[in-house]
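Just below is one structure, and these are the notes that go with it.
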Amino acid sequence: MRNINFRLFSFISVVLAVLTYFSFTAVYDADQRKPLTSGLDRVLSELFNILRFPTHVLLPDLTKTSLYFALGLVVNCFFYSLVIERIVYIIFHKKDREESYAQDTPVDL
C-alpha cells in the first residue's frame with residue numbers, strides 16, 4: 001500500500017460518487033413506476049446493483065436507515081476508488097519494473 005496517488009484516488013472517488021448518484025436516481029425512478037425511457041437509464045439502474053456492493057449486500061441490516069444507507073454508498077465509492085487506483089498503480093509499476101529489468105540484463109547474441 002505504498003505510494004497511493006491521492007489525486008487519482010480523489011478523481012475516481014468523485015466520478016464514482018456522481019455515477020452512484022445518477023444510478024440511484026434511475027433506480028428510484030424505476031421503483032416509482034416511471035418508465036425508463038432511454039437505454040442509459042436502464043444501464044444506470046442496473047449499474048446500481050454493482051455500485052451498492054459490498055456494504056449493502058454483505059451488511060443489509062446496517063443499511064435500514066437513510067443515514068447508514070448513504071454512508072454505505074460513500075464507503076463503497078471509496079472502496080472501489082482504492083481498488084481502481086491500486087490496479088492502475090500495479091499496471092504502470094509493472095511496466096516500469098519490466099523496463100528497468102530489461103535495461104539491467106545483458107543481451108546474449
Side-chain angles (χ1 to χ4, degrees):
M1 292 293 291
R2 296 181 282 162
N3 302 328
I4 293 177
N5 188 345
F6 286 105
R7 294 175 90 188
L8 180 62
F9 176 78
S10 300
F11 175 74
I12 294 169
S13 295
V14 169
V15 169
L16 285 175
V18 170
L19 192 62
T20 301
Y21 171 76
F22 285 119
S23 67
F24 178 73
T25 57
V27 167
Y28 181 76
D29 287 344
D31 285 344
Q32 296 298 319
R33 303 288 191 256
K34 295 179 183 175
L36 298 176
T37 55
S38 71
L40 181 62
D41 288 339
R42 289 187 199 107
V43 169
L44 285 174
S45 66
E46 294 298 324
L47 183 64
F48 187 71
N49 289 328
I50 296 170
L51 293 174
R52 67 186 185 100
F53 183 80
T55 59
H56 293 77
V57 175
L58 298 177
L59 305 169
D61 292 336
L62 293 179
T63 59
K64 298 287 184 195
T65 64
S66 59
L67 175 67
Y68 290 138
F69 188 86
L71 286 175
L73 291 177
V74 170
V75 168
N76 291 343
C77 288
F78 287 147
F79 172 72
Y80 280 129
S81 298
L82 183 65
V83 168
I84 292 170
E85 191 276 333
R86 290 287 83 193
I87 290 171
V88 169
Y89 175 79
I90 288 170
I91 289 171
F92 286 111
H93 186 68
K94 181 179 179 183
K95 182 187 261 187
D96 291 341
R97 272 191 287 153
E98 288 175 356
E99 288 175 1
S100 66
Y101 180 72
Q103 292 173 356
D104 293 341
T105 57
V107 177
D108 294 330
L109 297 176

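For reference, positions follow the sequence shown, starting with 1.
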What distance do [X] atom [atom1] and [Y] atom [atom2] have between them, rounded to the nearest 0.5 Å?
| X | Y | atom1 | atom2 | result |
| --- | --- | --- | --- | --- |
| T25 | D41 | OG1 | CG | 8.0 Å |
| L82 | F9 | CG | CZ | 6.0 Å |
| L16 | L73 | CG | CG | 11.5 Å |
| R42 | L47 | CZ | CG | 15.5 Å |

Tracing side-chain links under 4.5 Å among I, L, V, M, F, W and Y, which residues wind up in one group with L71?
->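 Traced through the cluster, L71 reaches L67, Y68.
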So do [Y] and [X] actually touch side chain to side chain, heavy atoms under 4.5 Å?
| X | Y | result |
| --- | --- | --- |
| R52 | T20 | no |
| N5 | Y89 | no |
| V18 | F22 | yes |

Quick one: do [X] and [Y] end up in the same hydrophobic cluster if we chain Ile, Leu, Val, Met, Phe, Trp and Tyr together by side-chain heavy atoms under 4.5 Å apart?
| X | Y | value |
| --- | --- | --- |
| V88 | L19 | yes |
| I91 | Y80 | yes |
| V27 | F69 | yes |
| F24 | L51 | no |

By side chain to side chain contact (heavy atoms under 4.5 Å, CB included), V83 pairs with (sequence neighbours left out) F79, I87
